[in-house]
Amino acid sequence: YLSRLHVTRVIKDSGLPEVTYSMRLYSPHEIGKISEDCGFTTVSLSGSRLTPGIFFGSDAPELILHLRKE
């Protein structure tokens with residue numbers, strides 16, 4: 001399933017129209033697959049710069065993917 005984030009931005013009292021947009025969200029698995037299809041090998045996946053090589057799932061503050069071009 002494709003994950004999407006739908007956002008409507010309103011700048012209060014600015015007189016500007018509200019702006020709505022949609023962003024495609026990728027899971028770590030999807031990013032890894034796309035990278036491999038482009039000739040990269042996954043070295044490690046981390047959820048924080050403070051915990052290299054450890055990923056805590058959706059609670060992770062970041063997604064750091066270390067790749068190597070073969």
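- When atom types are taken as modelled, the side chain of E36 and the backbone of K33 share no donor-acceptor pair closer than 3.5 angstrom.
- Side-chain atoms of K69 do not come within 3.5 Å of backbone N or O of T41 as any donor-acceptor pair.
- When the side chains of ILVMFWY residues are joined at heavy-atom separations under 4.5 Å, either directly or via intervening members, F40 and L63 end up in a single hydrophobic cluster.
- In this structure, S22 and L5 have side chains that are not in contact, with every pair of non-hydrogen atoms separated by 4.5 Å or more.
- A 4.5 Å side-chain heavy-atom check between Y21 and T8 finds every atom pair outside the cut-off.
- Here the side chain of S46 pairs no donor or acceptor atom with the backbone of S48 at under 3.5 angstrom.
- Considering every non-hydrogen atom in both E30 and L25, the closest pair reads OE1-O, 4.0 Å.
- Here the closest heavy-atom approach between residue G32 and residue L65 is recorded as N-CD2, 4.5 Å.
- Of all heavy-atom pairs between L16 and I11, the closest is CD1-CD1, 4.1 Å.
- Placement of I31 and F55 within a single hydrophobic cluster is found when ILVMFWY residues are connected by side-chain heavy-atom separations under 4.5 Å, directly or transitively.
- Judged by distance alone, with hydrogens and angles left aside, the side-chain atoms of T42 form no donor-acceptor pair with the main-chain N or O of S44 at under 3.5 Å.
- A salt bridge is absent between R9 and E18: the closest approach of a Lys/Arg side-chain nitrogen to an acidic carboxylate oxygen does not fall below 4.0 angstrom.
- With hydrophobic clusters built from ILVMFWY side chains whose heavy atoms lie under 4.5 angstrom apart, Y26 shares a cluster with L45.
- Side-chain contact between V19 and V10: absent, with no pair of heavy atoms (C-beta onward) separated by less than 4.5 Å.
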